[in-house]
> 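Got a structure for you, written out below as structure tokens; questions coming shortly.
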Amino acid sequence: MTEKKLLRVLKGEAVTSPPIWLMRQAGRYLPEYRKIRAEAGSFLDLCYAPKLAAEVTMQPIHRYGFDAAILFSDILVVPHGLGQDVWFVENEGPKLAAIQTAEALGSLDPNKLIDRLAPVYETVGILASTLPRETTLIGFAGAPWTVASYMVEGGSSRDFATAKSWAYRDPEGFGTLMNILVDATARHLCAQIRHGAEVVQIFDSWAGVFSETAFQRWIIEPNKALVARIREQFPNVPIIGFPRGAGIMYSEYVAQTGVTAVSLDTTVPTGWAAKNLQTKMPVQGNLDPLALLVGGDALEIGVRGVMEGLSGGPFIFNLGHGIVKETPPDHVETLVSLVRGGSV
Ligand code: 1CP
């Protein structure tokens with residue numbers, strides 16, 4: 001059997017037609033997702049219902065035949081598994097009982113994490129045994145800073161003022177939280193691999209908010225420690241890193257963290273990435289999700305730009321961030337045929 005295309009690219013091969021999957025490829029833009037979601041109750045209930053979570057993971061594979069399926073779960077199951085209260089408010093997003101001092105870290109219980117998240121690993125197991133044989137199974141987690149930002153802010157944030165202030169004021173106390181997250185995230189990702197994930201992606205969605213020295217301390221170092229922990233147990237499992245918004249610090253992230261491949265956000269110029277990043281490792285990205293939402297010429301121009309910029313080396317086609325929920329499903333169909341070189 002020939003090896004799956006996505007895994008070949010992650011070994012450094014440049015293939016003629018790139019493998020494609022999309023961040024947030026399962027979710028609210030799909031009517032069949034909204035149906036299951038309504039039946040499941042809350043979003044977290046869906047994350048912890050293995051049969052339904054596996055079904056939702058497979059929906060975009062059935063529709064579009066993507067080269068990879070990404071586990072349906074969320075980055076916030078890790079704080080939830082550590083014992084923090086996490087809930088999702090309809091049309092607002094995640095809410096957490098904020099933790100803002102070193103003393104409050106005592107309320108977290110790292111020992112129960114893997115038991116609490118057992119349904120997630122069960123979902124991975126179902127997927128591993130039912131996926132089409134050309135489809136790669138991707139597991140994932142949030143990077144320590146991105147997850148910490150939700151834990152400290154109590155939800156989404158515009159400026160991360162509370163979390164950043166803690167990091168600058170009390171690096172030791174904030175560092176304790178980051179160490180807890182490096183350890184918990186490593187165990188969570190290793191459990192996904194043990195149950196059948198073939199690749200893992202680490203989402204550092206809010207990496208782009210720090211000064212140079214703080215980027216080194218709160219983005220590079222925790223990601224590097226996390227990658228090292230996974231490699232101790234699984235030296236050959238590819239790890240994709242996504243330091244969204246890192247700008248020219250993408251170079252340092254690629255040079256220092258030990259990831260196998262890097263996912264580019266929409267603002268990274270493809271010519272610069274081809275020269276400075278893709279010469280060192282495979283790259284993934286980076287169509288603007290808004291070009292996909294709009295469709296038509298904007299979509300064709302966007303796809304052409306990404307393909308021309310990145311097809312000279314190992315490359316996985318993706319968006320620069322997650323699909324927007326208003327995206328018409330037939331635009332995704334068009335995107336897949338453009339990338340695969342068919343007529344539209
Ligand atoms: O009610 C619903 O249906 C909620 C919508 C939703 C979905 C479909 C949320 C809430 N999470 C998810 C799934 C999800 N989240 C996946 C599944 C797999 C797939 O890609 O198909 C993944 C990989 C994530 C990762 C995730 N969750 C990230 C990192 C990637 C990114 O988009 O930057 C982040 C930051 C979250 C937090 C989160 N989860 C959900 C919301 C609304 C948010 C907040 C986003 C924000 O603060 O802007």
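Whatever order the structure lists them in is the order used to number ligands and atoms, beginning at 1.
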> Is atom CG of Asp297 surrounded by more than 12 heavy atoms (other residues, nucleotides or ligands) closer than 6.0 Å?
no
> Working to the nearest 0.5 angstrom, can you tell me the gap between Leu105 CG and Gln84 CD?
9.5 Å
> Assess whether side chain to side chain contact (heavy atoms under 4.5 Å, CB included) is satisfied between Phe210 and Lys164, documenting all intermediate values.
CA-CA 8 Å; Phe210 282 119; Lys164 285 175 73 177; 3.9 Å; yes
> So Tyr29 and His331, side-chain hydrogen bond (donor to acceptor under 3.5 Å, both in side chains) or not? Walk me through it.
CA-CA 11 Å; Tyr29 75 106; His331 291 190; over 6 Å; no
> Where the closest heavy atom to atom 17 (C) of ligand 1 is concerned, which of Ala26, Ser73, Gly93 has it?
Ser73
> Tell me which one of Phe203, Trp206, Phe43 gets a heavy atom nearest to atom 7 (C) of ligand 1.
Phe43
> Look at atom 22 (C) of ligand 1 and say which protein heavy atom is nearest, naming residue and atom and giving the distance to 0.1 Å.
Phe140 CZ, 3.5 Å
> Does Ile20 share a hydrophobic cluster with Tyr64, counting links as ILVMFWY side-chain heavy atoms below 4.5 Å and allowing steps through other members?
yes
> Which is it for Asp265 and Phe242 under the side chain to side chain contact (heavy atoms under 4.5 Å, CB included) test, yes or no, and what are the steps along the way?
CA-CA 8 Å; Asp265 70 67; Phe242 181 37; 4.1 Å; yes
> Should we count NZ of Lys95 as having more than 12 external heavy atoms under 6.0 Å?
yes
> For atom 45 (C) of ligand 1, which protein heavy atom lies nearest, and how many Å away is it?
Tyr150 OH, 3.5 Å
> For atom 34 (C) of ligand 1, find the nearest protein heavy atom and state the residue, atom name and distance (0.1 Å precision).
Ile75 CD1, 3.5 Å
> At a non-hydrogen distance cut-off of under 4.0 Å, which region of Arg37 contacts ligand 1 (side chain, backbone, both, or neither)?
side chain
> With heavy-atom distances below 4.0 Å as the criterion, list the atoms of ligand 1 near Tyr33.
2 (C), 3 (O), 8 (C)
> For atom 15 (N) of ligand 1, what's the nearest protein heavy-atom neighbour? Residue, atom name and distance, please.
Asp74 OD1, 3.0 Å
> Give the atom numbers and elements of ligand 1 that come within less than 4.0 Å of a heavy atom of Arg28.
1 (O), 2 (C), 3 (O)
> In ligand 1, which numbered atoms sit nearer than 4.0 Å to a non-hydrogen atom of Ser156?
44 (C), 46 (C), 47 (O)
> Within the supplied structure, the quantity of interest is the number of heavy atoms (other residues, nucleotides, ligands) at a distance under 6.0 Å from Glu172 CD; does it exceed 12?
no
> Is it true that Cys47 lies under 4.0 Å from ligand 1, counting heavy atoms only?
no
> Identify the residue among Ile239, Val182, Asp204, Thr185 that makes a side-chain contact (heavy atoms from CB on, under 4.5 Å) with Asn223.
Asp204
> With heavy atoms of Leu71 as the reference, note each atom of ligand 1 found under 4.0 Å away.
17 (C), 18 (C)
> How does Pro94 reach ligand 1, by side chain, by backbone, by both or by neither, if only non-hydrogen atoms under 4.0 Å count?
side chain
> Donor-acceptor check, side chain of Gln278 to backbone of Leu310, threshold 3.5 angstrom: yes or no?
yes
> Can you sort out which atoms of ligand 1 are near His321, meaning under 4.0 Å from one of its heavy atoms?
31 (C), 32 (O), 33 (O)
> Checking contacts here: is it the side chain or the backbone of Thr57 that comes within 4.0 Å of ligand 1, counting heavy atoms only? Could be both or neither.
neither
> Classify the angle between the aromatic ring planes of Phe174 and Trp166 as parallel (below 30°), tilted (30 to 60°) or perpendicular (above 60°).
perpendicular
> Around atom NZ of Lys51, are there more than 12 heavy atoms from other residues, nucleotides or ligands closer than 6.0 Å?
no
> Tell me which protein heavy atom sits closest to atom 24 (C) of ligand 1, plus the residue, atom name and distance to 0.1 Å.
Arg24 NE, 3.6 Å
> With respect to Arg244, determine whether any N or O atom, backbone or side chain, lies less than 3.5 Å from an N or O atom of ligand 1.
no
> Below the 3.5 angstrom mark, is there an N/O of Glu90, backbone or side chain, next to an N/O of ligand 1?
no
> In the protein, which heavy atom is nearest to atom 29 (C) of ligand 1, and how far is it?
Ser205 OG, 3.3 Å
